[in-house]
A.B. asks: 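Following this message is one structure expressed as structure tokens.
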Amino acid sequence: MPVLVDSDAAAATVGEFWGRQVSRERTFGCLYMNSGIGSGVVLDGALHRGASSNAGKLGHLAVVRDGERCHCGNRGCLEQYAAPRVLVARARSMPGLAARLRIRDEDPDARAFDVLARAAIYGDEQASALIDESAELLAEGAVLLANLWDIDTLVLAGPGFAVAGSIYVTEIRRRLAEGAFARDVHDVQVDLSSNPRDSAAIGGAALVLQGSVAPGHGPQVSASA
């Protein structure tokens, strides 16, 4: 059977672009958060892939000088400070927080992050502090994305935004309004995906469809054994 292999961020970007019926004239961006953080940009109706289909690795933007070592080889990467798995680890290390929120040691990071995000939505101070810090760092990444590509539309997708997406949207809108280079020329529309948990899966289906009706814009098809 022929198969397509692509990153979750790339798939989500294509899926959101197609699903929203975005005009090819718009410069469309997607910020994706699951266990890590990625992004994608659609230019003239096609996803920008880079030389090796590795464009959009926003999670490896350095946000802390001489920070923690990342598996990519750099230090202080955004993923090391703002990704769900990191926030869950910090929550578990804070005295009493995990027990109070009923986050168990055996809980997967994805479930634990949902619990943490829900607590932030309901006003828990410690949980809010962690989510707010993550949102502030991601907002800086969004400003960089907007300034590099002059995007006019940005969608937040991925399981990491499923519960506390409104907090991230609010902070990113605020930072773009005050920090985007082209803010005096045009606004950047920031929206939350209508189905953040399944955005990559929906995008995967969109990639297959795109390969049929617009060949050459997607990853190469290879035959499985």
Side-chain angles (χ1 to χ4, degrees), residues 4-20 22 26-43 46-50 52-61 63 70-72 77-88 108-110 113-114 117 131 134-149 151-173 175-176 188-208 210 217-219:
L4 285 172
V5 179
D6 213 334
S7 72
D8 48 7
T13 302
V14 172
E16 291 291 336
F17 179 79
W18 277 49
R20 291 169 178 270
V22 179
R26 299 186 73 85
T27 303
F28 178 83
C30 179
L31 189 56
Y32 186 86
M33 184 164 74
N34 192 3
S35 58
I37 297 168
S39 67
V41 174
V42 175
L43 307 171
L47 178 70
H48 175 73
R49 294 188 170 277
S52 59
S53 291
N54 279 302
K57 302 301 183 185
L58 195 68
H60 298 287
L61 164 72
V63 295
C70 179
H71 67 84
C72 75
C77 290
L78 178 62
E79 277 189 10
Q80 298 294 100
Y81 296 89
R85 59 180 174 76
V86 175
L87 298 186
V88 168
D109 287 347
F113 184 70
D114 282 353
I131 298 297
S134 172
E136 290 169 5
L137 290 170
L138 275 175
E140 295 305 316
V143 171
L144 175 66
L145 199 65
N147 288 346
L148 279 175
W149 297 106
I151 61 176
D152 49 28
T153 306
L154 179 66
V155 172
L156 310 188
F161 295 121
V163 176
S166 60
I167 294 176
Y168 287 92
V169 166
T170 299
E171 179 60 19
I172 288 172
R173 284 175 177 167
R175 278 294 293 122
L176 287 171
V188 179
Q189 179 180 332
V190 182
D191 295 313
L192 180 65
S193 169
S194 61
N195 195 353
R197 289 193 194 278
D198 295 328
S199 55
I202 294 169
L207 279 168
V208 175
Q210 184 188 56
H217 287 301

A.B. asks: Evaluate side-chain contact (heavy atoms from CB on, under 4.5 Å) for Thr13 paired with Val41, printing each intermediate quantity in order.
C.D. replies: CA-CA 7 Å; Thr13 302; Val41 174; over 6 Å; no
A.B. asks: So Cys30 and Ser39, do their side chains get closer than 4.5 Å, heavy atoms only?
C.D. replies: no
A.B. asks: If you define the side chain from C-beta out and look only at heavy atoms, does anything of Asp152 sit under 4.5 Å from Gln189?
C.D. replies: no
A.B. asks: Can you say whether the rings of Trp149 and His48 are parallel (under 30°), tilted (30 to 60°) or perpendicular (over 60°)?
C.D. replies: tilted
A.B. asks: I want to check something: taking the side chain as every heavy atom from C-beta on, are Arg175 and Glu136 in contact at a cut-off of under 4.5 Å?
C.D. replies: no
A.B. asks: Indicate yes or no: at least one non-hydrogen side-chain atom of Leu154 is less than 4.5 angstrom from one of Leu145.
C.D. replies: yes
A.B. asks: State, with a plain yes or no, whether a side-chain heavy atom of Ile172 is found less than 4.5 Å away from one of Leu156.
C.D. replies: yes
A.B. asks: So do the side chains of Val163 and Arg197 get within less than 4.5 Å of each other, counting heavy atoms only?
C.D. replies: yes
A.B. asks: What is the minimum heavy-atom distance between Ala12 and Ala157, and which atoms define it?
C.D. replies: CB-CB, 4.4 Å
A.B. asks: Could you tell me the separation between the CG atom of Asp109 and the CG atom of Asn34, rounded to the nearest 0.5 Å?
C.D. replies: 10.5 Å
A.B. asks: How many angstroms lie between OG in Ser35 and CG in Asp8, if you round to the nearest 0.5 Å?
C.D. replies: 7.0 Å
A.B. asks: So do Leu61 and Leu144 actually touch side chain to side chain, heavy atoms under 4.5 Å?
C.D. replies: yes
A.B. asks: Search all heavy atoms of Asp114 against all heavy atoms of Pro159 and return the closest pair with its distance.
C.D. replies: OD1-O, 4.4 Å
A.B. asks: Is the backbone N or O of Ser166 less than 3.5 Å from a side-chain atom of Thr170, with the two atoms forming a donor-acceptor pair by type?
C.D. replies: yes
A.B. asks: Can you give me the closest heavy-atom contact between Gly50 and Ala55, atom names plus distance?
C.D. replies: N-CB, 3.9 Å
A.B. asks: Show, in sequence, the C-alpha distance, side-chain angles and deciding distance for Glu16 and Ser193, and conclude whether the side chain to side chain donor-acceptor pair (under 3.5 Å) test is met.
C.D. replies: CA-CA 7 Å; Glu16 291 291 336; Ser193 169; 2.6 Å; yes
A.B. asks: Please tell me whether Thr153 and Arg26 have a donor and an acceptor in their side chains that are separated by less than 3.5 angstrom.
C.D. replies: yes
A.B. asks: Report the C-alpha separation of Tyr32 and Ser7 in whole Å, then their side-chain angles, then the decisive distance to 0.1 Å, and conclude whether the side chain to side chain donor-acceptor pair (under 3.5 Å) test is met.
C.D. replies: CA-CA 11 Å; Tyr32 186 86; Ser7 72; over 6 Å; no
A.B. asks: For Tyr81 and Ser134, which I'm curious about, is there any donor-acceptor pair between the side chains at under 3.5 Å?
C.D. replies: no
A.B. asks: Looking at every non-hydrogen atom in both residues, tell me the closest pair between Cys70 and Cys77 and how far apart they are.
C.D. replies: CB-SG, 3.7 Å
A.B. asks: Determine the minimum heavy-atom distance between Leu176 and Val188, stating which atoms define it.
C.D. replies: CD1-CG1, 3.8 Å
A.B. asks: Which heavy atom of Ser199 sits nearest a heavy atom of Pro196, and at what distance?
C.D. replies: OG-O, 3.1 Å
A.B. asks: To the nearest 0.5 Å, tell me how far Tyr168 OH sits from Met33 CE.
C.D. replies: 3.5 Å
A.B. asks: Tell me, with the steps shown, if Ile167 and Phe161 meet side-chain contact (heavy atoms from CB on, under 4.5 Å).
C.D. replies: CA-CA 9 Å; Ile167 294 176; Phe161 295 121; over 6 Å; no
A.B. asks: I'd like to know if the side chain of Asn54 pairs up with that of Ser52 as donor and acceptor (distance under 3.5 Å, no hydrogens or angles considered).
C.D. replies: yes
A.B. asks: How would you list, by chain and number, every residue that makes a side chain to side chain contact (heavy atoms under 4.5 Å, CB included) with Arg173, sequence neighbours excluded?
C.D. replies: Val169, Val190, Asp191
A.B. asks: Could you pull out all donor-acceptor pairs under 3.5 Å where a side-chain atom in residues 201-208 meets a protein atom, sequence neighbours excluded?
C.D. replies:
none

A.B. asks: Looking at His60, Lys57, Glu79, which one forms a side chain to side chain contact (heavy atoms under 4.5 Å, CB included) with Ile37?
C.D. replies: Glu79
A.B. asks: Val155 versus Phe17: any side-chain heavy-atom pair under 4.5 Å?
C.D. replies: no
